[in-house]
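This report concerns only the one structure given below.
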Amino acid sequence: MQTPSRPLRLVVDLNRCQSYGQCVFAAPTVFRFRGEESLEYDYTPDDGARREVERAAAACPVQAITLSGATEAAPLPSGAGR
Ligand code: SF4
């Protein structure tokens with residue numbers, strides 16, 4: 001049985017991002033660094049990357065990653081600090 005898929009949309013708050021790179025390790029097909037600290041990512045990752053992206057969002061120490069269309073809501077409340 002398959003879960004109905006909704007388009008996965010991904011937003012990274014680059015003002016909040018501290019280039020820790022946890023997302024790159026968690027979802028290397030979606031996140032990458034260009035240069036030393038410039039994060040690039042796929043705004044609409046393939047549904048096959050859903051688990052990786054959810055893992056990346058959960059791993060981000062500053063909760064900079066927001067997902068929509070995910071089966072498990074990944075955005076975490078802000079305020080955890082650094
Ligand atoms: S894990 Fe969070 S802080 Fe680190 S590079 Fe990714 S988005 Fe930025």
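In what follows, every heavy atom counts, from backbone to side chain, and hydrogens, waters and symmetry copies are set aside. Remember, it's 1-based here, ligands and their atoms both numbered in the order they're listed.
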Practice prompt. Examine the proximity of ligand 1 to V24 and report which part, side chain or backbone, both or neither, has a heavy atom under 4.0 Å away.
Written response: neither
Discussion item. I need the contact type for Q22 against ligand 1. Using non-hydrogen atoms and a strict under-4.0 Å cut-off, is it side chain, backbone, both or neither?
Written reply: both
Response to the item:
For C23, the ligand 1 atoms with a heavy-atom partner under 4.0 Å come out as 1 (S), 5 (S), 6 (Fe), 7 (S)
Response to the item:
Under 4.0 Å from one or more heavy atoms of V62, ligand 1 contributes atoms 3 (S)
Discussion item. Just to confirm my output: which protein heavy-atom neighbour is closest to atom 3 (S) of ligand 1, and how far is it?
Written reply: Q18 N, 3.4 Å
Fill in: Nearest-neighbour protein heavy atom for atom 5 (S) of ligand 1, which is reported as residue plus atom name and distance
G21 N, 3.3 Å
Worksheet item: Is the distance between atom 2 (Fe) of ligand 1 and the nearest N/O/S atom of C60 smaller than 2.8 Å?
Response: yes
Fill in: Closest contact, heavy atoms only, V12 versus F31
CG2-CE2, 3.8 Å
Worksheet item: Looking only at heavy atoms, which two atoms of A56 and A26 are closest? And how far apart?
Response: CA-CB, 3.6 Å
Item to complete: Measure the spacing between SG of C17 and CD of E37 and express it to the nearest 0.5 Å.
Response: 9.0 Å
Worksheet item: Counting distance only, does the side-chain N/O of R32 pair as donor-acceptor with the main-chain N or O of V24 below 3.5 Å?
Response: no
Worksheet item: Is atom 6 (Fe) of ligand 1 under 2.8 Å from any N, O or S atom of C17?
Response: no
Discussion item. Can you tell me if F33 has over 12 outside heavy atoms packed within less than 6.0 Å of its CZ?
Written reply: yes
Fill in: R50 vs P45 side-chain heavy atoms within contact, under 4.5 Å
no
